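As the structure is a prediction and not an experimental result, all values here were calculated from the model. In each ligand, atom 1 is the first atom listed, and ligand 1 is the first ligand listed. We use all heavy atoms of the structure for the numbers below, so side chains are in, but hydrogens, waters and symmetry mates are not.
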Amino acid sequence: MSKQTVIKPLNAISEKGLNLFTEDYLIDENASQPDAIILRSFNMHDMELPSSLRAIGRAGAGVNNIPLDVCTDKGIPVFNTPGANANAVKELVITSLIASSRQMFDGVAWAKTLIGKGDDVPKLVEEGKKQFVGKEIQGKTLGVIGLGAIGARVANDALELGMDVIGYDPFISVDMAWKLSRAVKRVHNIDELFKEVDYISIHVPLIPETKGLLNKAAFDKMKDNVYILNFSRGGLIDDDDIAVALEEGTVGKYITDFPNAKTLEMKNTISIPHLGASSEESEENCAMMAAEELMEYLETGNIRNSVNFPDAALPYQGHPRVTAFHKNVPKMVSKITSEVSDVNLNIVDMTNRSYKDHAYTIIDLEGDIAESDFGALVKRLEGIEGMVTTRVIK
Ligand SMILES: NC(=O)c1ccc[n+]([C@@H]2O[C@H](COP(=O)([O-])OP(=O)(O)OC[C@H]3O[C@@H](n4cnc5c(N)ncnc54)[C@H](O)[C@@H]3O)[C@@H](O)[C@H]2O)c1
Ligand SMILES: O=C(O)CC[C@@H](O)C(=O)O
C-alpha cells in the first residue's frame, strides 16, 4: 500500500485492537473519506456512507446497527467478531439469573435507603430482609432461545448449576451442536419451551423474523411468574405486551440489557445499561478480531467472518490479485476468466464462493503486470452484467 489506509472508529475501540494496525494505516476519528470503519453499537442507519468506504468491522456480534443491504449493494463487506464477547455476556446472564432470582437487585437498592438511620441499621436490615426472600435456581428449568456462541454457553453453565435446560434453535450450526451439552433438551417447537420453563434467556439476532418474538401470544403460553432475561436486543420483546404480562404476573421479572423510556417505568423490571459485552477482555477480543479481519481484507482481499459476503480466502503469496464481488448468477466465473485470458493474463490460482444472491471471486495472476493491463482487465470485468465491485491488490 503506497498511501496510508484510513480507519475511522465510530465508537471507543480498545487500544489493543487499534494498536494492531501497522504504520500503513492511519486511525482518524474525524476522517470524512475513510477506507474502513470500525465500530461497536453506533447507529449507522442514519449516516451517509462515505464514497471512499471499502469495509466495515463491527467489534461485536449484533449488526442491526449497520445498513447491511446498502453495504451489499455497494460491495462493502461487513465483518463481525463471532464469539469474541460471548463469555462476557454469558457471565452477566448467569449473574443476573441468580441475582434476580434471589431478589438481590431489589434488596441492594432497599439497603441504600437505610443511609442515615445510624445505629438502627442492623435491626432494620434484619426486619426488612423478609421482603426479599428469593428462589434458588437449582432444580428449576431454564429455556434458552438461540443456541449460538452465547446461548450454548449459558445453557451448558446453567446445567452445571443444577438447572434443567430446554433449548430452541432451528438454525443451530454444526459447530454449536457439538459444543452444546447432550443434557440440554432440544425442542423443535418454541411453544414446548414456553410452557415448561421457569426462566427464559433469549440469544438470537434482531432481524425481521425475530422482532417481537416474545409477545402476548408467547406470554399467554408461559407459566405464571416466569423470569425473562434479555441480553440480546430490546426489539425482540414487545414492550407493550410485556408491560401487561408484568402487571398481571405472567412475567415475574424482566431483566433487560436494553432499557428504554417505556421499560424503565415498568413494574419488576431490572435495567442494565447494555453491559453484556463490557468487560476489558471482551472489548479487547472484539477490537483485535475486527482489526485483524479488516487488515486481512484490505491487504489480501480474503474474507473471514463477514455477515454479507461469503467466507473466501486464498493464501496470499505476493501474486498480483484481482477480486470481484458480483451477482450469484450462472456463467459469471466463465465470463470473468474469459476476460482474463482475453487480455493475455494467466491465472495461477482462484476461488469463487457464494452467499445468498452474491458471490465473490479471488484470482491470482502470473508475473509482473503492467498498470495498463490491469486497467484494461478491470474495465472489462466492470463491464460484465451483474458485477458489483472489483479490486486489484499488488
Ligand atoms: N448484551 C450485549 O452486550 C450483547 C453482546 C453480544 C451479543 N449480543 C446479542 O446477542 C445476539 C446473539 O449473539 P451470539 O454471539 O450468540 O450470536 P450467534 O450468531 O452465535 O448465535 C445466534 C443464534 O441464534 C439462532 N437463531 C437465529 N434466528 C433464530 C430464531 N428465529 N429462533 C431461534 N434461534 C435463532 C442462530 O441459529 C444462532 O445459533 C447477537 O445477535 C446480539 O444481538 C448482545
Ligand atoms: O459493543 C458493545 O458494547 C456491545 C456489543 C453487543 O451488543 C454485540 O452485539 O456484540
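In summary, the atoms of ligand 1 found under 4.0 Å from a heavy atom of V89, numbered by their order in the structure, are 4 (C), 5 (C), 6 (C). For ligand 1, the atoms sitting less than 4.0 Å from at least one non-hydrogen atom of F258 are 1 (N), numbered in the order shown with element in parentheses. The atoms of ligand 1 that sit less than 4.0 Å from any heavy atom of L147 are 39 (O). Short contacts between ligand 1 and H274, defined as distances under 4.0 Å to a heavy atom of the residue, involve ligand atoms 1 (N), 2 (C), 3 (O). Proximity to Y168 (heavy-atom distance under 4.0 Å) selects the following atoms of ligand 1: 32 (N), 33 (C). Near N85, meaning under 4.0 Å from one of its heavy atoms, ligand 2 places the atoms 8 (C), 10 (O). Taking every heavy atom of G62 and a limit of under 4.0 angstrom, the matching atoms of ligand 2 come to 8 (C), 9 (O), 10 (O). Close contacts of ligand 1 with G276, meaning ligand atoms under 4.0 Å from a residue heavy atom, involve 1 (N), 2 (C), 3 (O). Within ligand 1, the atoms closer than 4.0 Å to a non-hydrogen atom of V204 are 11 (C), 24 (O), 26 (N), 29 (C), 33 (C), 34 (N), 35 (C), numbered from 1 in the order shown. When each atom of ligand 2 is checked for a heavy atom of G60 under 4.0 Å away, the hits are 10 (O). Atoms of ligand 1 found under 4.0 Å from any heavy atom of T210 (numbered from 1 in listed order, with element): 31 (N).
If you look at I150 next to ligand 1, the close heavy atoms, those under 4.0 Å, come from the backbone and the side chain alike. Looking at A277 against ligand 1, both its backbone and its side chain come within 4.0 Å, counting heavy atoms. When non-hydrogen atoms are compared, ligand 2 lies under 4.0 Å from neither the backbone nor the side chain of N11. Heavy atoms of L206 found under 4.0 angstrom from ligand 1: none, in either backbone or side chain.
Closest to atom 21 (O) of ligand 1, if we only count protein heavy atoms, is G148 CA, 3.2 Å. Counting only heavy atoms of the protein, atom 6 (C) of ligand 1 lies nearest to N85 OD1, 3.3 Å. The protein heavy atom nearest to atom 33 (C) of ligand 1 is P170 CD, 3.5 Å. Considering only non-hydrogen protein atoms, atom 4 (C) of ligand 1 sits nearest to F231 O, 3.7 Å. Scanning all protein heavy atoms for the shortest distance to atom 4 (C) of ligand 2 gives H274 NE2, 3.4 Å. The nearest protein atom to atom 20 (O) of ligand 1, hydrogens excluded, is given as A149 N, 2.8 Å; this is a heavy-atom distance. Looking only at protein heavy atoms, the nearest one to atom 39 (O) of ligand 1 is D169 OD2, 2.6 Å. The protein atom (non-hydrogen) at minimum distance from atom 10 (O) of ligand 2 is A61 N, 2.6 Å.
Pairing each heavy atom of L193 with each of I166, the nearest pair is CD1-O, 3.7 Å. Taking all atoms of both residues into account, the shortest heavy-atom contact from R58 to T81 is O-CG2, 3.5 Å.
Interatomic distance, NZ of K331 versus OG1 of T337, reported as 13.0 Å (0.5 Å rounding). Between R304 atom CZ and E292 atom CD the span is 6.5 Å, to the nearest 0.5 Å. Taking CD1 of I242 as the start and CD of E247 as the end, the distance is 12.0 Å to the nearest 0.5 Å. We find the CD1-NE2 distance between I150 and H203 to be 6.5 Å, quoted to the nearest 0.5 Å. Distance check: L365 CG to L345 CG gives 5.5 Å after rounding to the nearest 0.5 Å. Here the straight-line distance linking atom CE of M44 with atom CG of D46 works out to 11.0 Å at 0.5 Å rounding.
Considering only non-hydrogen atoms, atom 6 (C) of ligand 2 lies nearest to R58 out of R58, R40, E283. In the candidate list G234, P205, A84, P205 is nearest to atom 27 (C) of ligand 1, counting heavy atoms. Atom 12 (C) of ligand 1 has its nearest heavy-atom neighbour, among E209, R233, H203, in H203. In this comparison of C286, S278, G235, S232, the heavy atom closest to atom 10 (O) of ligand 1 sits on S232.
Heavy-atom neighbours of M104 CE from other residues, nucleotides or ligands within 6.0 Å: at or below the threshold of 12. The 12-atom threshold is exceeded at CD of Q33, counting heavy atoms of other residues, nucleotides or ligands nearer than 6.0 Å. Under a cut-off of 6.0 angstrom, the local environment of NZ in K216 is sparse, with at most 12 non-hydrogen atoms contributed by other residues, nucleotides or ligands. Crowding of E127 atom CD: a count of heavy atoms from other residues, nucleotides or ligands under 6.0 Å exceeding 12.
For D257, a nitrogen or oxygen atom sits less than 3.5 Å from a nitrogen or oxygen atom of ligand 1, counting backbone and side chain alike. Distances between N or O atoms of F171 and those of ligand 1 include at least one value under 3.5 Å. No N or O atom of I207 sits closer than 3.5 Å to an N or O atom of ligand 1.
The aromatic rings of Y227 and Y199 stand perpendicular to each other, their planes meeting at an angle above 60°, with 30° marking the opposite boundary. By the 30° and 60° cut-offs, the orientation of the rings of Y297 relative to Y360 is tilted.
In this structure the side chain of Y25 reaches within 4.5 angstrom of the side chain of L298, judged on heavy atoms.
Between F258 and H274, the distance separating the two ring centers is shorter than 6.0 angstrom.
For the residue pair T5 / D35, no side-chain donor-acceptor distance below 3.5 Å is found, with atom types taken as modelled.
Protein heavy atoms are absent from the 4.0 Å sphere centred on atom 17 (O) of ligand 1. Taking a distance limit of 4.0 Å, we find that atom 31 (N) of ligand 1 is approached by some protein heavy atom.
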- Carefully, step by step, assess K262 and D240 under the rule salt bridge (charged side-chain N to carboxylate O under 4.0 Å, His left out). CA-CA 8 Å; K262 278 186 183 167; D240 296 325; 3.0 Å; yes

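In summary, R153 and D157 do not engage in a salt bridge, as defined by a charged side-chain N under 4.0 Å from a carboxylate O.
The closest approach between any non-hydrogen atom of G276 and ligand 2 is not below 4.0 Å.
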